[in-house]
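Worksheet for the structure shown next.
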Amino acid sequence: MTRETVKIDLINIIKPYLPEEVMDREVSEDNHLINDLMINSAHIVDIVLDIEDKFDIMIDDDVIGEMNTVQDSINVVLQKTA
């Protein structure tokens with residue numbers, strides 16, 4: 001599994017949770033999930049659950065707090081699947 005494939009899968013997971021006002025925005029690794037992409041905390045939990053299902057990993061609650069950006073989330077997936 002490469003960083004690029006994780007990035008693509010992660011963005012595909014995130015996109016359905018984007019609010020209408022940022023739906024047309026291109027998602028990049030630097031985007032902050034809450035500040036830039038305006039994803040609310042309930043949807044962050046949904047995204048984490050989708051990530052766990054997609055990559056067959058478990059993400060601890062304390063790690064969720066570290067998943068601030070798309071890049072942070074990619075790094076967590078790569079660490080958990082290594």
Side-chain angles (χ1 to χ4, degrees):
M1 183 176 316
T2 67
R3 179 176 191 83
E4 190 61 27
T5 60
V6 171
K7 176 183 171 183
I8 292 168
D9 287 342
L10 200 57
I11 289 173
N12 286 333
I13 289 171
I14 291 170
K15 280 192 170 187
Y17 296 103
L18 294 177
E20 192 172 304
E21 53 266 33
V22 296
M23 189 173 280
D24 294 333
R25 181 184 296 177
E26 185 170 332
V27 177
S28 73
E29 288 191 37
D30 294 333
N31 287 146
H32 192 281
L33 297 176
I34 295 172
N35 296 337
D36 296 326
L37 300 178
M38 304 172 65
I39 298 172
N40 65 38
S41 57
H43 284 158
I44 295 288
V45 173
D46 291 332
I47 289 169
V48 169
L49 293 172
D50 289 351
I51 291 170
E52 289 179 333
D53 286 344
K54 173 70 181 173
F55 297 101
D56 195 27
I57 58 175
M58 292 293 299
I59 300 174
D60 297 326
D61 291 345
D62 57 327
V63 175
I64 294 172
E66 298 171 6
M67 296 171 66
N68 297 314
T69 64
V70 174
Q71 182 174 349
D72 295 337
S73 303
I74 292 169
N75 291 339
V76 167
V77 170
L78 290 173
Q79 288 171 356
K80 294 287 186 177
T81 58

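The first residue in the sequence is number 1, and the count goes up from there. Here the structure is a predicted model, which means the values were calculated and not measured.
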Flag if over 12 foreign heavy atoms under 6.0 Å of CG, Asp62: yes

Ile51 CD1 to Leu10 CG distance, which is reported to the nearest 0.5 Å: 4.5 Å

Asp50 backbone acceptor or donor facing Asp53 side chain under 3.5 Å: no

Arg3: partners by salt bridge (charged side-chain N to carboxylate O under 4.0 Å, His left out), with sequence neighbours left out: Glu29

side-chain contact (heavy atoms from CB on, under 4.5 Å) between Asp60 and Lys80, intermediate numbers included: CA-CA 11 Å; Asp60 297 326; Lys80 294 287 186 177; 4.1 Å; yes

Same apolar cluster (I L V M F W Y, side chains within < 4.5 Å links), Ile8/Leu33: no

Rounded distance [0.5 Å steps], CD1 in Ile59 versus CD in Glu66: 11.0 Å

Atom pair NE2/CD of His32 and Gln71 - distance to nearest 0.5 Å: 12.5 Å

Connected via hydrophobic side-chain network under 4.5 Å: Leu49 and Val70: no

Point-to-point distance, once rounded to the nearest 0.5 Å, from CE of Met23 to CG of Leu18: 6.5 Å

Main-chain N/O of Thr69 paired to Asp72 side chain as donor or acceptor, under 3.5 Å: yes

Residue pairs passing the ring-ring contact (aromatic ring centres under 6.0 Å, His included) test where at least one lies in residues 57-82, sequence neighbours excluded: none

Residue pairs, two or more places apart or on separate chains, that pass ring-ring contact (aromatic ring centres under 6.0 Å, His included) and touch residues 55-82: none

Heavy-atom neighbours of Glu20 CD exceed 12 at 6.0 Å: no

OG-CG distance between Ser73 and Asn68, expressed to the nearest 0.5 angstrom: 8.0 Å

Residues forming a side-chain contact (heavy atoms from CB on, under 4.5 Å) with Gln79, sequence neighbours excluded: none

side-chain hydrogen bond (donor to acceptor under 3.5 Å, both in side chains) against Asp46, all qualifying residues, sequence neighbours excluded: none

Separation of Thr81 OG1 from Met1 CE (nearest 0.5 Å): 4.5 Å

Identify each donor-acceptor pair in which a side-chain atom of residues 37-45 lies under 3.5 Å from a protein atom, sequence neighbours left out, and give them as a table.
residue: Asn40; atom: OD1; partner: Ala42; partner atom: N; Å: 3.2
residue: Asn40; atom: OD1; partner: His43; partner atom: N; Å: 2.8

